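All figures in this text were calculated on a predicted structure; none of them were measured in a lab. Index from 1, following the sequence.
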Amino acid sequence: MDSFDVQKSVRGWFKSTFDGSSKQRRRPMKRTLTKGAFDDVPSKGPEAHACLSICEAVNRMLHGMKLDGYVLKATGNTCEASPDDRTPGLYFSRRDDETVFTRIIEKTPYDNNQATVDLAHMISPIEVQLDKDPKSFEYSSESETDSVADSHGEMARYATEVLRRQHRQFVVSAFIQNSTVRFYRWDRAGVIVSEPVDFHAEPEHLMRFFYWLALADRDQGSGYDTTVARATAEDIQHLETFKHTLDHSIADDPPAVVDAQTFYLEHVKAILDNQINYPVYKVNRVSRCAWNRGTPAGISCEPRMSVFLVGIPIHATASPTGRGTKTFAAYDIGRRRLVLLKGSWIADGTHPELEVYEQLKHHKVEHVATAIAGGFVGEQATISHEDQDGASRRRHYRLVTLELGRKLKTFKDQRELINAVRDSLEAHEEAWKLGNILHCDVSANNIMIDITTGRGFLNDWDQCKFRDELCQGTIRSRRSGTWMYMSAILLKYPRKPHELSDDLESFVHVLTVMALRFSVHSLSSWTIEEVWQGSMYEEAQKHSPGLEEFINMVYNSECMVNGYAVGGSNKMFGLRLGNPNVEWVDSDSPLISLIARLYNMFSQRYSALDKRQYESEWGVTTVGFIKYKSGPLPRGPANSRSVSYHSRRFALSLPS
């Protein structure tokens, strides 16, 4: 994640975060509750003592202001039952969350203020660091040292984890270092951070933080997604009943049905078995339109109330800012089946994904998911973009599809992998030729395998562009999409418009990365026994420093040049060379033979590329900026017309 976007005065921060929240109900805090409240909090020494002293003062204030429903707890650096190894020193929570009391650690004189960290229920995480270099608390371009990055990065990690576990619009947090405190407000467009304030000299600011936070939560559920509620015991019973049904499948069911039921059962068990760290929630949403393949194109549908139960996400982004995509295996109470529910925060100007699916359905595009509901979630939107130059507002959007597919990396053999990619390529071709829609984010994560048919389908159309939008170059510092699978030319020339050829190249990178991870080659770490046992189709290679370094160098490397993220040089070298620059053990296999032919095809394109012209038109070096002029990409032998759809090549590569 980049550096913090907006810094404001303490007063400005409070106005941005709480203005209008419970404003009429705020009573002045009693001076006896704030004056000298933190005099006993040390700025040096053990952090545990400081945390407990802060808890004592804040909880006394909450009681005095008749807000006993809230509590500040010290974690004592204790981790919850999860893989996470980082915990904030304090967390603010509703007192009626039972986990606050059921997870009390060993008794101490301060046991009323101490509990195991509870990321799934906390309202706000508060980090406490003592005996630290004051410079690590600074915020300026000159102070971007390792200690600064570590300190602020820690706050980003806490916000990310809260957003992952909970259904939130934004997260408020605080960072206490020595005798000063900063306040943060995280939403998907960025973060607003306050100037530091000495809470010993001015204790009212830190007290106001907890007081206003409690009022905003009590009166408005501030920061939470109000269309989501904790699941009831009756809701959980729906899941238990569905699990029981799947667990007792009929012995005579066809293998495809049994595989699908097993797949569903794994997801239901994951939801039920992880309720402590990922509580089950009920998502209520009136969809703008619900439809399926049997609904004739052009015929409107009556809105219907859709109710879904969700728990641990299948996927959640590892950043507090950006699209913030989370996908869930969701139990549809009305249909009594599992579906895929996706939530994301899309920027203004992005095509709502349900509308894209309606267009795909209208043009009878095959090998895409079946959308059944979707739309913006009320008026939920970011505010941090308002103080950033060129930043876009992001709004909360949901989409529900019938298909709950397997990830591409779970392919059973080369035939299934090639078929899945070929099916997705055909969907891509039909969308482009019939609907003038370009996907713009082809990746291994967006090609899924249907659990009932074993065929592939192309997912996640939220980054797509229509044909008449493609002439526009990008003004963003970093391209949208999945960096690892982007075309070399897009990464090398960041201002170049996205074109058809870029998406087609992404399919090549998908196949190559899958082959690197699951096939035997000169960088493999497989043992002879694992190869003979077929382990490469069960899990990716482990403990292969050479392969990890190669993938990072070719597919993940990037650097900042004049404010733009640039990469792709090693990827471009391999394409121009005509091979991925590794030696395959089974070079005659269908997958490796296919990759060789595709690399040869793109080698012709990159060999004819006029790098000087591209740098002049779309580069970000000094030469590119001096000669910069807007306009469409020059057409010629090196452009997208020299690469077209070759989906039949995939069929020719399959073993007979």
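- Minimum interatomic distance between S384 and I192 (heavy atoms only, all atoms of both residues): CB-CG1, 4.0 Å.
- Between F14 and H205, the ring-plane angle classifies as tilted under the 30° and 60° cut-offs.
- Every residue two or more places apart in sequence or in another chain was checked for a side-chain hydrogen bond (donor to acceptor under 3.5 Å, both in side chains) with E386, and none qualifies.
- The list of salt bridge (charged side-chain N to carboxylate O under 4.0 Å, His left out) pairs with a residue in residues 221-238, not counting sequence neighbours, reads D97-R230, D225-R398, D235-K282.
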**Request:** Would you sort out whether V162 and R168 count as a side chain to side chain contact (heavy atoms under 4.5 Å, CB included), showing the intermediate values?
**Result:** CA-CA 8 Å; V162 171; R168 302 287 288 263; 3.6 Å; yes
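- For R185, the salt bridge (charged side-chain N to carboxylate O under 4.0 Å, His left out) partners are D187, not counting sequence neighbours.
- No donor-acceptor pair under 3.5 Å is formed between the side chain of T350 and the backbone N or O of I346.
- Contact check for L340 versus N459: side-chain heavy atoms found under the 4.5 Å cut-off.
- Counting non-hydrogen atoms of neighbouring residues, nucleotides and ligands closer than 6.0 angstrom, the CD atom of Q275 exceeds 12 such neighbours.
- For the pair S124 (side chain) and V172 (backbone), a donor-acceptor distance under 3.5 Å is present.
- The shortest heavy-atom contact between A270 and I312 is O-CG2, 3.6 Å.
- Side-chain rings of W186 and F170 stay apart, their centers remaining 6.0 Å or farther from each other.
- Taking every heavy atom of both residues into account, A37 and A57 meet most closely at O-CB, 3.5 Å.
- With N446 contributing its side chain and D441 its backbone, the two residues share a donor-acceptor pair below 3.5 Å.
- Counting heavy atoms of neighbouring residues, nucleotides and ligands inside a 6.0 Å radius, atom CD of E549 does not exceed 12 of them.
- Between the side chains of H509 and S506, no donor-acceptor pair of N or O atoms lies under 3.5 Å.
- When side chains are defined from C-beta on, E47 counts as touching Q129, because their heavy atoms get closer than 4.5 Å.
- Contact detail for S443 and V510: the closest heavy-atom pair is C-CG2, 3.7 Å.
- A donor-acceptor contact shorter than 3.5 Å links the side chain of S319 to the backbone of T321.
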**Request:** Using the side chain to side chain contact (heavy atoms under 4.5 Å, CB included) rule, take Y184 and M155 through it: C-alpha gap first, then chi angles, then the decisive distance, then the call.
**Result:** CA-CA 9 Å; Y184 298 77; M155 298 305 298; 4.2 Å; yes
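- A salt bridge is absent between E266 and K269: the closest approach of a Lys/Arg side-chain nitrogen to an acidic carboxylate oxygen does not fall below 4.0 angstrom.
- Aromatic pair F183/F209: centroids less than 6.0 angstrom apart.
- Between the NZ atom of K409 and the CD1 atom of I447 there is a distance of 14.5 Å, given to the nearest 0.5 Å.
- Using a 4.0 Å cut-off between a side-chain N of Lys or Arg and a carboxylate O of Asp or Glu, R337 and D332 do not qualify as a salt bridge.
- Shown here for G190 and Q388, the closest heavy-atom pair between the two residues is CA-NE2, 4.0 Å.
- I271 is listed as a side-chain neighbour of L239, based on a closest heavy-atom distance under 4.5 Å.
- Around the NE2 atom of H63, the shell of radius 6.0 Å holds no more than 12 heavy atoms that belong to other residues, nucleotides or ligands.
- Between Q463 and R323 there is a side-chain heavy-atom pair separated by less than 4.5 Å.
- The aromatic ring centroids of H167 and F328 lie less than 6.0 Å from each other.
- For the pair L341/T327, no side-chain contact is recorded, criterion being any heavy-atom separation below 4.5 Å from C-beta on.
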**Chi angles and distances behind the salt bridge (Lys or Arg N to Asp or Glu O under 4.0 Å) call for D348, R395** = CA-CA 7 Å; D348 285 346; R395 296 181 62 190; 5.6 Å; no
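- Remark: the backbone N or O of A444 is not paired with any side-chain donor or acceptor of K407 at under 3.5 angstrom.
- Shown here are the salt bridge (charged side-chain N to carboxylate O under 4.0 Å, His left out) partners of E127, two or more places apart in sequence or in another chain: there are none.
- Judged purely by distance below 3.5 Å, without hydrogens or angles, the side chains of N552 and S557 never pair a donor atom with an acceptor atom.
- Contact of the L272 side chain with the I236 side chain is registered, since non-hydrogen atoms from C-beta on lie closer than 4.5 Å.
- When atom types are taken as modelled, the side chain of S222 and the backbone of D217 share no donor-acceptor pair closer than 3.5 angstrom.
- Between V193 and W13 there is no side-chain heavy-atom pair separated by less than 4.5 Å.
- Checked against L206 for a side-chain contact (heavy atoms from CB on, under 4.5 Å), the options I126, D198, V58, I176 give a single hit: I176.
- Looking at R157 and E161, no side-chain N of the basic residue comes within less than 4.0 Å of a carboxylate O on the acidic one, giving no salt bridge.
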**Asked** When you look at Y70 and F92, which way does the side chain to side chain contact (heavy atoms under 4.5 Å, CB included) test go after all the steps?
**Response** CA-CA 7 Å; Y70 296 87; F92 189 63; 3.6 Å; yes
**Message:** Evaluate F175 against V128 for side chain to side chain contact (heavy atoms under 4.5 Å, CB included), listing each step before the verdict.
**Reply:** CA-CA 6 Å; F175 182 13; V128 178; over 6 Å; no
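- R182 and Q7 are linked by a side-chain donor-acceptor pair at a separation below 3.5 angstrom, with hydrogens and angles left out of the test.
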**Item:** Verdict with reasoning, Y485 to Y555, per ring-ring contact (aromatic ring centres under 6.0 Å, His included)
**Value:** CA-CA 7 Å; Y485 301 101; Y555 295 98; 7.4 Å; no
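- Under the salt bridge (charged side-chain N to carboxylate O under 4.0 Å, His left out) criterion, D387 pairs with K8, not counting sequence neighbours.
- Put simply, the side chain of H396 never gets that close to the backbone of F376: no donor and acceptor are under 3.5 Å apart.
- For D462 and K342, the salt-bridge test passes: some basic side-chain N is under 4.0 Å from an acidic carboxylate O.
- Counting non-hydrogen atoms of neighbouring residues, nucleotides and ligands closer than 6.0 angstrom, the CG atom of D40 reaches no more than 12 such neighbours.
- The side-chain hydrogen bond (donor to acceptor under 3.5 Å, both in side chains) search around D273 returns none, not counting sequence neighbours.
- Side-chain contact between N445 and L408 is absent, with no heavy-atom pair separated by less than 4.5 Å.
- Contact between L404 and V339 at its shortest, heavy atoms only, is CD1-O, 4.1 Å.
- Between T17 atom OG1 and I383 atom CD1 the span is 6.0 Å, to the nearest 0.5 Å.
- A cation-pi arrangement is absent between R406 and Y264, since the terminal nitrogen or guanidinium carbon is not both under 6.0 Å from the aromatic centre and inside a 45° cone about the axis.
- Using modelled atom types, one side-chain atom of Q166 and one backbone atom of M122 make a donor-acceptor pair closer than 3.5 Å.
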**Request:** I would like to know whether F242 and H238 meet ring-ring contact (aromatic ring centres under 6.0 Å, His included); could you show each step before the answer?
**Result:** CA-CA 6 Å; F242 186 58; H238 284 305; over 10 Å; no
